[in-house]
Amino acid sequence: MSAGIVHFLFLGGFLFAAGALAMARQRGFAGALAGLPLMFGGAALDLVAGSRFATSVKDQLAGQEFAVVLAGLTLAAVAAGAALARPGPGTPEGRR
């Protein structure tokens, strides 16, 4: 038995839903930011699966290219969120 596109789409959808649930359940900004890579990973998996199994598309690497761009976007969003979540020196949490 080989894995078809439906298997990959369900796995990508599950990852996306798990990330959305993780973002919705967390109270703090830093905790909610942890679900973002799961959501982007699920979307990237769906893009790669779509480009892999598409037969009428001339450029079969288009989904993989979008997945790499999405991974870079995820890294930038997590880095920016981690910088925003860290307390600054003027706040009571940062004066330790």
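Throughout, numbering of the chain's residues begins at 1 and tracks the sequence. Keep in mind that what you see is a predicted model, and the values were worked out from it rather than measured.
In plain terms, the two heavy atoms of Gly13 and Asp46 that are nearest each other are N-OD2, 4.0 Å. Residues Gly35 and Ala22 come closest through the heavy atom pair CA-CB, 4.0 Å. Val48 and Ala67 make their closest contact through CG2-CB, 3.6 Å (heavy atoms, listed as atom of the first residue, atom of the second, distance).
Atom CE of Met23 is separated from atom CG of Leu33 by 7.0 Å, given to the nearest 0.5 angstrom.
Evaluation of the side chain to side chain contact (heavy atoms under 4.5 Å, CB included) rule for Ala3 yields His7, Phe8 as partners, not counting sequence neighbours. Take Phe16 and apply the side chain to side chain contact (heavy atoms under 4.5 Å, CB included) test, not counting sequence neighbours, and it matches Met39. Applying the side chain to side chain contact (heavy atoms under 4.5 Å, CB included) rule to Leu21 yields the partners Arg25; only residues at least two apart in sequence or on another chain are considered. For Leu73, the side chain to side chain contact (heavy atoms under 4.5 Å, CB included) partners at least two apart in sequence or on another chain are Phe40, Leu70.
Clustering of Ile, Leu, Val, Met, Phe, Trp and Tyr side chains at separations under 4.5 Å leaves Val78 isolated, with no partner residue.
Leu45 and Val6 end up in the same hydrophobic cluster when Ile, Leu, Val, Met, Phe, Trp and Tyr side chains are linked at under 4.5 Å.
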